[in-house]
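Okay, so here's the structure we're looking at.
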2 protein chains.
Amino acid sequence: MAKRVTINDVAQAAGVSRQTVTRAINDMGEINEQTKQRVLEACQRLGYRPSRFARNLVVRKKTRAMGYLVASFRNPYFTEIAGDLLNAAAERGWHVVMASTETEDEASALDMLSGQVDVFMGHFMQDDDDLIKACRGIPLVMLERAGSLPGMHSVEVDIREGVREAIEALRGKGARRIGMIDSAYSLRTSPTYVSSPRRGYFEEFAGTGSAEMVVVGEESMAGGGQAFAKLVGAHPDTDAVLVFNDLMAIGAVQASHALGIDVPGKVRICGIDGLTLGEAVHPTLTTISIDRHALVSNALDLADALATADFGELPPMRRTVRPHILWRESA
Amino acid sequence: MAKRVTINDVAQAAGVSRQTVTRAINDMGEINEQTKQRVLEACQRLGYRPSRFARNLVVRKKTRAMGYLVASFRNPYFTEIAGDLLNAAAERGWHVVMASTETEDEASALDMLSGQVDVFMGHFMQDDDDLIKACRGIPLVMLERAGSLPGMHSVEVDIREGVREAIEALRGKGARRIGMIDSAYSLRTSPTYVSSPRRGYFEEFAGTGSAEMVVVGEESMAGGGQAFAKLVGAHPDTDAVLVFNDLMAIGAVQASHALGIDVPGKVRICGIDGLTLGEAVHPTLTTISIDRHALVSNALDLADALATADFGELPPMRRTVRPHILWRESA
DNA sequence: CTGTTAGCGCTTTCAG
DNA sequence: CTGAAAGCGCTAACAG
């Protein structure tokens with residue numbers, strides 16, 4: 001690979017000093033229009049591209065960069081958050097470097113980005129210990145999950161409270177046999193299925209016997225549909241279903257169609273997330289809605305705090321966002 | 001803001017030289033385990049965080065960074081591409097810095113990123129001249145659009161061919177009155193509606209009188225639904241509709257449901273994009289499918305070429321990807 | 001094993 | 001208006 005064209009090369013080619021080149025390319029005035037043109041022409045000719053590192057090193061204006069790990073681009077929940085984050089981050093002067101952890105594992109994504117960013121953010125799945133190790137000292141803002149180690153900060157969502165409310169309300173509407181569809185996401189990091197916290201809340205509030213009303217499915221529309229079929233097959237008296245997330249819940253609603261099961265007449269379906277997409281299905285999806293805007297803005301508050309402290313070690317910060325039930329047609 | 005903690009501060013605090021600090025934090029061996037611990041402890045205590053700029057400046061390993069502008073996070077088409085891009089880019093050793101142009105305008109997004117990246121990529125809307133100006137000399141890989149200026153490279157999709165094929169096939173299936181739903185996206189950058197190239201292809205192949213069979217709608221599911229209602233309202237004999245994109249087409253399919261119009265019995269509906277989501281509606285959506293994988297990998301080829309040439313000015317490169325009709329149920 | 005010397009490529013003084 | 005000097009914070013290459 002050819003040696004990089006530097007400001008010196010341009011200066012030499014244009015017969016001026018480096019500083020003059022700087023003045024020309026940065027539109028700084030205090031420079032003769034003619035010399036400027038000559039310099040610019042030389043830049044063009046040599047294909048000169050200033051080094052962003054050298055420039056940023058010397059310029060005092062701190063550019064803050066965040067590494068954001070997107071859990072999945074196939075679940076609108078995560079992409080909607082990514083979009084919100086990008087907008088809000090830009091407003092607050094953050095650059096966002098993204099990586100997907102859908103195919104790549106978290107550790108290597110973190111590792112790859114660790115030289116480029118000041119803080120990490122994302123929905124992480126790995127153990128705290130592995131995470132911290134992969135971060136090389138860069139602080140972490142964890143979404144929808146608590147961290148236990150120094151350098152870990154978090155914005156949690158009180159899903160438990162949402163589930164409690166939802167189940168209570170479903171009971172109030174007459175539901176007697178409430179089932180749940182859980183996600184098999186744990187299989188991505190562990191060799192065996194581990195029940196999700198959401199399932200834990202369900203069993204806690206749905207009471208005795210609820211554990212056998214749980215079916216596990218792949219985390220997708222299709223997976224949700226299959227799980228729904230399995231659930232009502234095994235328990236025909238099911239009259240309400242809490243679903244791990246909206247994506248799967250939408251699949252369940254569509255499966256109910258195919259199975260000729262009236263929703264919400266025969267079975268009520270309630271998702272978790274609050275996807276906009278939930279409005280596009282028939283019947284529209286009732287859901288435990290997570291305020292993405294609050295989630296993102298709290299997370300950015302933490303990032304800002306970290307940046308203000310020059311990314312030095314701050315005592316762990318924790319925020320919590322409360323979900324609310326978005327009553328639409330399916331429940 | 002407190003002065004930054006540098007490697008010198010740590011060295012002094014630990015009573016060693018900077019070089020030794022480097023060895024400790026970079027796990028380089030050739031260092032006494034005890035000193036290493038002492039240094040690490042000092043880093044911890046002072047809250048030392050290495051400057052990524054200084055490090056990258058001195059390390060010869062070139063880290064290539066791409067600025068990717070996401071047109072919308074509310075159309076799965078763009079997020080699916082973003083996901084594919086992130087994966088493929090990581091494999092090829094690119095960092096991807098993203099910005100959303102949904103709320104922010106392109107020029108300011110480009111401007112903000114111009115100091116951080118080596119190449120820009122995205123679905124751009126602005127005029128070539130404005131674009132080039134905002135890029136500050138950084139080369140551009142334009143998706144699904146040709147560029148006319150030096151420094152602009154592109155991966156286009158031969159939508160025209162797709163539309164030709166689709167219309168011919170629809171005719172073959174008996175369609176006589178074919179309508180189209182166009183997007184009003186041009187209103188985002190221009191004060192008045194400008195018909196899209198896709199509309200142009202439609203009119204070209206649908207023939208005389210087809211111009212009056214075009215309805216313009218907002219670029220969303222709801223907008224597609226409304227436009228569909230308007231179209232069949234104005235032209236009850238419509239028996240096929242080509243829709244600007246899948247998102248709007250899905251809206252049209254759902255509207256047909258509400259209007260009691262049989263699809264594809266009474267009206268055939270064909271979208272453009274090839275969204276996975278098109279499989280989740282009933283009837284499933286027939287569409288002119290764009291091979292996202294090919295699009296992304298061609299775009300990365302161009303970026304790689306640019307990087308190999310050290311981002312110097314290369315003659316404009318153009319690639320073309322051919323779409324294919326994905327026959328599903330709606331047409 | 002550790003310290004010293006030289007830069008990386010750029011911008012900021014401050015003289016001319 | 002232009003140039004010379006002085007670093008930004010870090011690491012590679014060499015000494016010791």
Side-chain angles (χ1 to χ4, degrees), chain A residues 1-40 42-43 46-63 65 114-116 118 136-137 310-312, chain B residues 1-40 42-43 46-63 65 114-116 118 136-137 310-312:
Chain A
M1 136 194 168
K3 242 208 309 267
R4 180 174 190 119
V5 180
T6 77
I7 195 170
N8 284 309
D9 302 324
V10 178
Q12 194 166 0
V16 297
S17 70
R18 319 186 287 192
Q19 302 67 345
T20 304
V21 177
T22 291
R23 292 196 183 97
I25 59 180
N26 290 351
D27 226 15
M28 292 170 74
E30 308 202 347
I31 182 175
N32 184 308
E33 185 60 28
Q34 245 175 59
T35 359
K36 182 169 167 183
Q37 288 314 323
R38 188 153 39 91
V39 171
L40 257 26
C43 289
L46 301 186
Y48 168 63
R49 203 129 308 295
S51 151
R52 58 179 197 277
F53 298 122
R55 176 176 281 161
N56 280 291
L57 177 58
V58 77
V59 167
R60 313 299 284 138
K61 175 183 147 237
K62 70 203 267 174
T63 59
S114 63
Q116 304 293 317
D118 304 304
R136 301 176 112 250
D310 257 325
F311 304 99
Chain B
M1 137 193 169
K3 242 210 305 270
R4 176 169 194 125
V5 180
T6 78
I7 196 171
N8 284 309
D9 302 324
V10 177
Q12 194 166 1
V16 297
S17 72
R18 315 187 288 194
Q19 188 52 26
T20 303
V21 177
T22 291
R23 293 199 181 94
I25 59 179
N26 290 351
D27 227 14
M28 294 170 72
E30 309 201 345
I31 181 175
N32 184 306
E33 186 60 28
Q34 246 176 59
T35 358
K36 181 170 167 181
Q37 288 313 322
R38 190 153 39 90
V39 171
L40 258 25
C43 289
L46 301 185
Y48 169 63
R49 208 127 307 286
S51 152
R52 60 179 194 278
F53 298 121
R55 177 177 280 162
N56 280 291
L57 177 57
V58 79
V59 167
R60 316 298 281 130
K61 178 184 143 230
K62 71 202 270 174
T63 59
S114 64
Q116 305 293 317
D118 305 303
R136 300 177 112 251
D310 256 325
F311 304 100

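It should be emphasised that the depicted structure is a prediction, and the values quoted were computed from it without experimental measurement. Per chain, numbering begins at 1; letters A, B, ... match sequence-line order.
- Between the CD1 atom of B:Ile25 and the C1' atom of D:dA12 there is a distance of 14 Å, rounded to whole Å.
- The CE atom of B:Met28 sits 11 Å away from the C1' atom of D:dA13 (whole-angstrom rounding).
- One atom, CD1 of A:Ile7, and another, C1' of D:dT2, lie 14 Å apart when rounded to the nearest Å.
- Nearest to the side-chain atoms of A:Arg18 among the listed nucleotides C:dT11, C:dG3, D:dC8 stands C:dT11.
- In terms of phosphate contacts, A:Asn26 brings a side-chain nitrogen or oxygen within less than 4.0 Å of OP1 or OP2 of C:dT11.
- When each of C:dT11, D:dT2, C:dG3 is scored by its nearest atom to the side-chain atoms of B:Arg23, the top-ranked nucleotide is C:dG3.
- Nucleotide D:dC10 holds its C1' atom 20 Å from the CZ atom of A:Arg55, rounded to whole Å.
- Residues B:Thr6 and B:Tyr48 share a closest heavy-atom pair of C-CE1, 3.6 Å.
- Among C:dC10, D:dT2, C:dC1, the nucleotide with an atom closest to any side-chain atom of A:Asn32 is D:dT2.
- From A:Ile25, atom CD1 reaches atom CZ of A:Arg55 across 5.5 Å, with rounding to the nearest 0.5 Å.
- The side chain of A:Thr6 places no N or O atom within less than 4.0 Å of a non-bridging phosphate oxygen (OP1 or OP2) of C:dC8.
- Contacts of B:Ser51 with the nucleic acid, taken as non-hydrogen atoms under 4.0 Å apart, involve only primed sugar atoms and P, OP1 or OP2.
- For C:dT11, the OP1/OP2 oxygens have a side-chain nitrogen or oxygen of A:Thr22 closer than 4.0 Å.
- Separating the CZ atom of B:Arg52 from the C1' atom of C:dC8 is a distance of 17 Å, rounded to the nearest angstrom.
- Under 3.5 Å, the side chain of B:Arg49 and the base of D:dG9 form no donor-acceptor pair of N or O atoms.
- Distance from the side chain of B:Leu57 is smallest to D:dG9 among D:dG3, C:dG3, D:dG9.
- Donor-acceptor pairing under 3.5 Å is recorded for the side chains of A:Gln19 and A:Ser17.
- A donor-acceptor pair is defined here as one N or O able to donate and one able to accept, closer than 3.5 Å; such a pair exists between the side chain of A:Asn32 and the backbone of A:Gln34.
- Each of B:Ala54 and B:Val16 has a nearest nucleotide on DNA chain C; the 5'-most of these lies closest to B:Val16.
- The CD1 atom of B:Ile7 sits 12.0 Å away from atom CG of B:Leu46, with the distance rounded to the nearest 0.5 Å.
- The CD1 atom of B:Ile31 lies 9.0 Å from the CZ atom of B:Arg38; values are rounded to the nearest 0.5 Å.
- Using a 4.0 Å heavy-atom cutoff across all strands shown, B:Thr20 reaches sugar-phosphate atoms only and no base atom.
- Rounded to whole Å, the distance from CG on A:Asn56 to C1' on D:dC10 is 15 Å.
- Taking the side chain of B:Ile31 as heavy atoms from C-beta on, and the options C:dG9, D:dT2, C:dT2, the nearest nucleotide is C:dT2.
- Checking D:dT11, C:dT2, D:dC8 against every side-chain atom of A:Val58, the shortest atom distance belongs to D:dC8.
- The CD-P distance, from B:Gln37 to C:dT2, rounds to 12 Å in whole Å.
- One atom, CG of A:Asn8, and another, P of C:dC10, lie 8 Å apart when rounded to the nearest Å.
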